[in-house]
Amino acid sequence: MNPNDVAAFQTTFLTWYDTNKRDLPWRQNHDPYLVWLSEVMLQQTQVQTVLPYFQRFTQALPNLTALAQVDETQLLKLWEGLGYYSRARNLKKAAQQLLADYDGQFPTTAAELENIIGIGPYTAGAIASIAFQQVVPAVDGNAYRVFSRLLADDFDISQSKARPHFAQVIQPLLPPQRPGDFNQAVMDLGASICTTKDPACLLCPIQAYCTSYQTGTQLDFPVKTKKIRQKKVQLIALVIQNAQGAYLLQQRPEQGLLGGLTTLPLVDLSDLDVTEQTLPQALQTYFAHNYNLALTQVQDLKLKPVVHVFTHLHWTIHLFGAKLGDPQADVAYFPGYFVPKARLGDQAQATLQKKLLKRADLSKK
DNA sequence: AAATCGTGGGA
DNA sequence: TTCCCAAGATT
């Protein structure tokens, strides 16, 4: 684009934004704390999903100090169901980091912001431009879509160099006076008009500048080669009651899938020796060997399996029931604890866990 | 640098 | 069913 076109393009785009921008709670002001929270919640997550979480989270934890001091249970409870749970733990770490090393003030440049845990290139650009008027792009999926089409740029967005590539491409298009609004205009355009499938080019405010529209190649962009295959895994979820009728929950490690959350005890079917034994026997052996726990009455509950799909995993989970034979049984070797039915919801529950409890009819009345 | 990390929704 | 996508970061 030549310089004259760039100026007209910016004016056209920002004028469209001024009349069509979405009224979102994190757009009420430019408080960096709120901009930051919204951006982290919006990572790989749609606006509609984020809205109720943002309201509850900001009401419970309205500032850095409150966030830095929140206990883990409340933090995860505020995040439950939103996914990518390391985001929540990183928020708290970042709040502590900002209070300890930055006097509780957000740094104002993208480069400095990237030093905060949980803030990567995109989020740094978003905060710097929206909260601090820094002239930097915010290169997310919307930006890939909008600018690959606008410029008919066929750089493969599956490549890790895609982000720096598009940052370089977008930089000269940024309006120095309103970089934050420009970046948000890209997001709104990407969400409403320049969508992945069936983009509404006839309604697009920057149609006249769009190279791919002029050649009818909108759907050829962005170029993305990599596809993810979900690995299929069969699991057993155990409904184990003790003598008091409480249920055994398994505490998952802080790192990794559903980190820090609790679920019904899960066993990967491929870890069981079912060649020589029946499935109930194999589960009994597994718990005895791994956790020094003696299960009795292990049985298939014959319920419809719970299917749960993660980004890279496809789980099919069969529910089995069991009891703890010895009322004095020592659970010390098992990473978890017994919880009465009425208290199952005290800890944060991933959506997977809610599905399991519902299928086992253990949801709160 | 490729894999890992959730969930809900749409075609 | 199955696949893909939605305001990515971390290791």
Side-chain angles (χ1 to χ4, degrees), chain A residues 21-22 24-27 34-54 76 79-91 93-94 113-127 129-130 137-146 156-164 166-167 180 182-192 194-199 219 222 224-232 252-261 263 306-316 348-355:
Chain A
K21 67 182 171 191
R22 290 173 289 179
L24 300 169
W26 47 87
R27 288 181 175 174
L34 299 181
V35 172
W36 170 55
L37 280 183
S38 67
E39 291 303 338
V40 172
M41 287 186 170
L42 286 161
Q43 288 166 8
Q44 302 290 281
T45 310
Q46 304 197 98
V47 167
Q48 188 183 338
T49 304
V50 166
L51 285 171
Y53 286 91
F54 183 81
L76 290 173
W79 204 268
E80 78 173 8
L82 198 52
Y84 291 131
Y85 296 93
S86 66
R87 288 186 296 176
R89 266 194 295 277
N90 283 343
L91 279 178
K93 289 182 198 160
L113 285 162
E114 275 199 63
N115 293 324
I116 310 293
I117 182 73
I119 299 182
Y122 161 74
T123 305
I127 298 173
S129 62
I130 296 169
V139 189
D140 66 344
N142 289 304
Y144 286 153
R145 210 159 52 249
V146 169
D156 180 5
I157 65 166
S158 305
Q159 306 300 315
S160 54
K161 288 179 182 170
R163 203 177 299 276
F166 279 98
F182 182 90
N183 286 333
Q184 292 181 89
V186 173
M187 300 171 200
D188 282 17
L189 189 76
S192 63
C194 197
T195 53
T196 307
K197 306 166 186 174
D198 195 25
L219 295 180
K224 183 176 183 180
T225 60
K226 197 171 57 183
K227 12 189 115 141
I228 307 165
R229 263 288 174 207
Q230 282 148 348
K231 185 182 172 191
K232 295 198 173 182
R252 300 182 63 86
E254 293 279 312
Q255 309 274 359
L257 193 65
L258 305 178
L261 301 181
T263 66
V306 169
V307 172
H308 193 75
V309 178
F310 300 100
T311 303
H312 59 297
L313 295 172
H314 184 290
W315 279 6
T316 304
Q349 294 176 318
T351 298
L352 164 67
Q353 169 70 350
K354 291 193 176 183
K355 283 189 194 174

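Residue numbers start from 1 in every chain, and the chains themselves are labelled A, B, ... in the order their sequence lines are given, proteins ahead of strands.
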* Asked: Are H308(A) and F310(A) close enough that their ring centres sit under 6.0 Å apart?
  -> yes
Whole Å only: how far is the [atom1] atom of [X] from the [atom2] atom of [N]?
X       : N      : atom1 : atom2 : answer
L219(A) : dC4(C) : CG    : C1'   : 14 Å
K224(A) : dC4(C) : NZ    : P     : 8 Å
K197(A) : dC3(C) : NZ    : P     : 13 Å
L257(A) : dA3(B) : CG    : C1'   : 13 Å
Y144(A) : dG8(C) : OH    : C1'   : 9 Å
L313(A) : dT4(B) : CG    : C1'   : 9 Å
L258(A) : dT7(B) : CG    : P     : 6 Å
H308(A) : dG8(B) : NE2   : C1'   : 10 Å

Once you apply a heavy-atom cut-off of 4.0 Å, does [X] come out as touching a base, just sugar-phosphate, or nothing?
X       : value
V309(A) : base
V47(A)  : base
A350(A) : sugar-phosphate
T311(A) : base
L24(A)  : base
W315(A) : nothing
K227(A) : sugar-phosphate
R22(A)  : base
R27(A)  : base

* Could you give the distance separating dC5(B) and dA7(C) at their P atoms, to the nearest angstrom? => 23 Å
* **Distance, P atom - from dG8(B) to dA9(C), rounded to whole angstrom** => 22 Å
From [options], pick the nucleotide closest to the side chain of [X]?
X       : options                 : value
Q46(A)  : dG8(B), dT7(B), dC5(B)  : dG8(B)
N142(A) : dA7(C), dG6(B), dA1(B)  : dA7(C)
H312(A) : dC5(B), dA7(C), dA11(B) : dC5(B)

* Structure fact -> Whichever of T195(A) and H314(A) has the more 5' nearest nucleotide on DNA chain C, that residue is H314(A)
* To do: Decide whether Q43(A) and Y122(A) meet the rule of one side-chain donor and one side-chain acceptor closer than 3.5 Å.
  => no
* Map Q230(A) and S158(A) onto DNA chain B by nearest heavy atom, then report which one ends up closer to the 5' terminus. => S158(A)
* Asked: If each of T45(A) and K161(A) is mapped to the nucleotide of DNA chain B with the nearest heavy atom, which maps nearer the 5' terminus, i.e. the 5' end?
  -> K161(A)
* In a check of side-chain hydrogen bond (donor to acceptor under 3.5 Å, both in side chains) between Q184(A) and each of R22(A), K21(A), R27(A), which one passes? -> R27(A)
Can you check whether [Y]'s main-chain N or O pairs, donor with acceptor, with [X]'s side chain at less than 3.5 Å?
X       : Y       : answer
R87(A)  : M41(A)  : yes
T195(A) : S192(A) : no
R145(A) : C194(A) : yes
Y53(A)  : E80(A)  : yes

* **hbond_proxy T351(A) side chain to dG6(B) base (donor-acceptor, 3.5 Å cutoff)** => no
Just the atom pairs and distances: protein N or O near nucleotides 9-11 of chain C's N or O, under 3.5 Å.
unit_1: dA9(C); atom_1: OP1; unit_2: G120(A); atom_2: N; d: 3.0
unit_1: dA9(C); atom_1: OP1; unit_2: G120(A); atom_2: O; d: 3.4
unit_1: dA9(C); atom_1: OP1; unit_2: T123(A); atom_2: N; d: 2.9
unit_1: dA9(C); atom_1: OP1; unit_2: T123(A); atom_2: OG1; d: 2.7
unit_1: dA9(C); atom_1: OP2; unit_2: Y122(A); atom_2: N; d: 3.4
unit_1: dT10(C); atom_1: OP1; unit_2: G118(A); atom_2: N; d: 2.3

* Does OP1 or OP2 of dT2(C) have a side-chain N or O of R229(A) closer than 4.0 Å? -> no
* Structure fact -> Tightest non-hydrogen contact, residues Q353(A) and T263(A), listed as OE1-CA, 3.2 Å
* Structure fact -> Residues passing the salt bridge (charged side-chain N to carboxylate O under 4.0 Å, His left out) test with E114(A), sequence neighbours excluded, are none
